[in-house]
Number of protein chains: 2
Amino acid sequence: MLDVTRRTADPDEGQATVADTASRPQPRYGTRPTMKDVAARAGVGLKTVSRVVNGEPGVTPDTEQRVQDAITALGFRRNDGARILRKGRTASIGLVLEDLADPFYAPLNRAVEEVARAHGALLISGSSAEDPDRERELALALCARRVDGLIVIPAGHDHRYLEPEIAAGVATVFVDRPAGLIDADVVLSDSFGGARDGVAHLIAHGHRRIGFIGDRPGIHTATERLRGYRAAMADAGLPVDDAWLSLGPTAPERVRTEAVRMLAGPRPVTALFAGNNRVTATVVRVIAGRPRPVALVGFDDLELADLLSPGLTVIAQDAVRLGRTAAERLFRRLDGVDEPPRRVELPTRLVVRGSGELPPAED
Amino acid sequence: MLDVTRRTADPDEGQATVADTASRPQPRYGTRPTMKDVAARAGVGLKTVSRVVNGEPGVTPDTEQRVQDAITALGFRRNDGARILRKGRTASIGLVLEDLADPFYAPLNRAVEEVARAHGALLISGSSAEDPDRERELALALCARRVDGLIVIPAGHDHRYLEPEIAAGVATVFVDRPAGLIDADVVLSDSFGGARDGVAHLIAHGHRRIGFIGDRPGIHTATERLRGYRAAMADAGLPVDDAWLSLGPTAPERVRTEAVRMLAGPRPVTALFAGNNRVTATVVRVIAGRPRPVALVGFDDLELADLLSPGLTVIAQDAVRLGRTAAERLFRRLDGVDEPPRRVELPTRLVVRGSGELPPAED
DNA sequence: TAGAGCCTGGACAACGTTGTCAACACCGGC
DNA sequence: GCCGGTGTTGACAACGTTGTCCAGGCTCTA
């Protein structure tokens with residue numbers, strides 16, 4: 001008896017069965033079989049199918065086998081949407097970042113994914129393209145999908161739109177940049193300290209006129225890094241000329257123009273500090289085309305940075321750790337830990353490779 | 001009268017209302033308000049709320065305002081899970097790739113995201129980590145969430161597990177590598193042609209002994225590229241020594257070992273062809289440490305490749321176009337286009353930068 | 001052999017939304 | 001004053017699943 005049942009579940013047999021059930025309503029193409037269909041085919045009740053699918057006890061091996069056979073024959077797959085609706089939790093979290101393809105954020109994305117996976121959750125991530133409206137739209141879309149938690153790399157400065165969501169129980173953690181106008185967990189890199197160390201490194205190698213090219217002033221990390229720059233200069237008692245500073249979009253054209261400008265004139269800068277990886281990539285190209293060496297320290301590491309000549313000296317952030325820390329914090333919240341929001345700041349690391357140790361060029 | 005109603009819905013008033021409704025069941029912390037709650041508060045029927053939320057016609061401005069006020073006061077957000085359950089379509093697609101953080105796949109991911117966004121769909125992407133079981137697990141999890149379509153960069157070679165899903169109407173497109181044992185749309189780069197061109201380029205610059213280091217032999221692109229290598233050598237009438245060939249994991253240690261081996265001995269290779277970006281990154285480092293120049297062409301472009309000295313000559317694939325093409329194909333399917341599965345092959349591009357034009361070193 | 005207790009299985013409601021349909025009020029024209 | 005039409009609104013079922021609860025059959029013991 002059992003053997004016969006087993007053979008019925010053979011894929012080939014499954015196809016054959018489609019034909020002989022033409023009389024009763026049969027799932028059409030584009031329609032998925034439901035537990036009801038499985039139950040009908042196996043000749044059992046709906047709940048019994050549910051029990052089998054979820055591995056709940058209280059089903060005889062014989063019945064279970066019949067159900068399993070019906071499942072494979074029909075190609076049934078549980079509808080998680082309905083399951084979630086019933087159970088309340090979605091076992092998924094959302095991640096809003098600036099650009100999925102950015103070499104800094106992609107590893108962060110991956111790190112969050114791994115933590116989510118370890119907790120049995122699915123990650124849904126999307127790009128805000130540095131647009132506050134799009135960030136909001138995306139975050140709220142994720143909330144509408146009822147993600148259990150949200151990790152956000154802010155593009156905007158006002159996150160009060162998340163208040164109802166947070167009040168409703170959506171755990172929320174901000175990464176890389178702090179939240180605006182709401183109180184929430186934040187995981188950051190020490191942008192200020194990193195930039196200060198990087199600039200101090202240049203100063204230690206004899207530079208006095210140092211340029212700073214960073215991202216748009218609205219971006220927290222950009223202003224923090226500029227603050228670090230100013231602190232290092234002030235610590236060394238060096239004056240800062242406004243012409244050495246430039247915050248703005250990181251489009252290659254602008255960065256190129258600014259770098260060229262700072263390197264021209266009677267008293268050019270002898271070193272540059274690049275505020276992030278996109279800026280660094282452009283600045284490296286500008287410098288490469290110059291006869292006179294220019295020292296450079298960049299914020300964020302780059303692939304192949306060690307192979308340039310000179311090697312690229314950078315302030316490295318640990319994107320993976322940033323993502324992992326944020327995700328772990330999120331899941332601790334989801335596990336019910338209730339403590340006041342915390343601000344975690346991860347240290348950066350100076351990676352010495354050559355470009356930051358070049359001496360100032362003679363005037 | 002109307003004015004009074006409006007004021008009742010004012011957010012501040014909303015708080016006050018919480019207190020005076022202590023008698024009837026009130027949403028607790030962690031519980032989201034539903035349309036029923038909104039309807040009760042606005043003093044209208046459930047369906048009217050639905051109409052307002054979905055911008056359907058047939059609601060007077062007065063009623064609509066009352067509902068809107070109740071919505072903001074309660075912080076209501078539509079539960080898309082329930083909506084999806086009712087409507088059937090989820091307006092979301094899934095993407096299974098090897099590694100979200102891989103510099104080749106991350107832009108592909110982003111490109112798919114943009115197309116999805118343009119079609120009003122959400123993208124859920126995840127990493128298979130080159131593990132067939134994990135690929136399967138992830139793809140089926142996405143199907144259980146009822147994504148409307150699926151884009152897969154295969155890790156395994158048997159995708160029959162997707163047959164029930166495809167039969168049930170989940171549009172499926174494979175990218176970068178062909179599907180295994182099922183008939184489906186595929187979008188590929190011309191790995192064979194690209195590798196053949198790259199190796200021919202080395203041959204044209206005088207090389208006769210050329211090494212090939214690629215990914216594991218189970219991976220379609222790896223074998224295709226090796227086939228391209230063989231074709232170029234055969235076209236030039238050159239013999240191939242098995243010692244010059246190495247397919248295997250792209251872990252830096254193995255690649256380093258193999259490269260060093262090929263460059264040693266009495267008749268070392270004078271040029272190397274690297275089968276993908278990870279291999280290239282390691283080979284560049286090996287070569288950089290050698291006194292005698294070794295020519296190199298890599299498959300896949302790398303950031304900063306132009307800044308190495310010599311610049312890195314590569315066979316570039318357009319990951320963005322690959323992703324965009326696949327996504328557009330998927331949405332065409334979702335729009336109901338019914339035609340036999342198609343195989344699209346995108347051309348590669350030889351980018352000459354120096355490393356591939358080095359002449360063979362003297363023996 | 002009767003009663004107690006256990007095991008298996010199924011009927012039913014509920015999750016939050018949308019589609020269907022019918023009720024109702026109001027308007028203008030006869 | 002009545003009728004049909006129009007425009008607004010709500011009651012109800014359904015989407016596919018899971019939790020609750022109860023029925024029926026079985027075994028075991030007195």
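Naming convention: chains lettered A, B, ... in sequence-line order (proteins, then strands); numbering from 1 in each chain.
Which of dG19(D), dT9(D), dC15(D) sits closest to the side chain of T60(B) comes down to dT9(D). If you check dT18(D), dT18(C), dT9(D) against the side chain of T48(B), the one that comes closest is dT9(D).
Atom CG in L46(B) sits about 12 Å away from atom P in dC15(C), given to the nearest Å.
No hydrogens or angles considered: a donor-acceptor pair under 3.5 Å links the side chains of R78(B) and N54(B). Side chain to side chain, Q65(B) and D69(B) meet the donor-acceptor criterion of an N or O pair below 3.5 Å. For the residue pair Y161(B) and E135(B), a side-chain donor N or O sits within less than 3.5 Å of a side-chain acceptor on the partner. Using modelled atom types, one finds a donor on one side chain and an acceptor on the other under 3.5 Å when comparing S127(A) with E113(B).
Heavy atoms of V59(B) sit under 4.0 angstrom from primed sugar atoms or phosphate atoms, though from no base atom. As judged by a 4.0 angstrom heavy-atom cut-off over every strand, T34(B) is placed among residues touching the sugar-phosphate backbone only. Using a 4.0 Å heavy-atom criterion, one finds that N54(A) contacts the sugar-phosphate atoms exclusively. Across all strands, R78(A) comes closer than 4.0 Å only to sugar-phosphate atoms, never to a base (heavy-atom distances). Here K87(B) lies in heavy-atom contact (under 4.0 Å) with sugar-phosphate atoms only. Among the atoms of the strands shown, none is found under 4.0 Å from any heavy atom of I84(A). Contacts of V44(B) with the nucleic acid, taken as non-hydrogen atoms under 4.0 Å apart, involve only primed sugar atoms and P, OP1 or OP2.
OP1 and OP2 of dG19(C) both lie 4.0 Å or more from every side-chain N or O belonging to S50(B).
Between the side chain of K47(A) and the base of dG19(D), a donor-acceptor pair under 3.5 Å is found. Judged by atom type and distance alone, R51(B) reaches the base of dG10(D) through a side-chain donor-acceptor pair under 3.5 Å.
Between A82(B) and G45(B), the residue anchored closer to the 5' end of DNA chain D is G45(B), taking for each the nucleotide with the nearest heavy atom.
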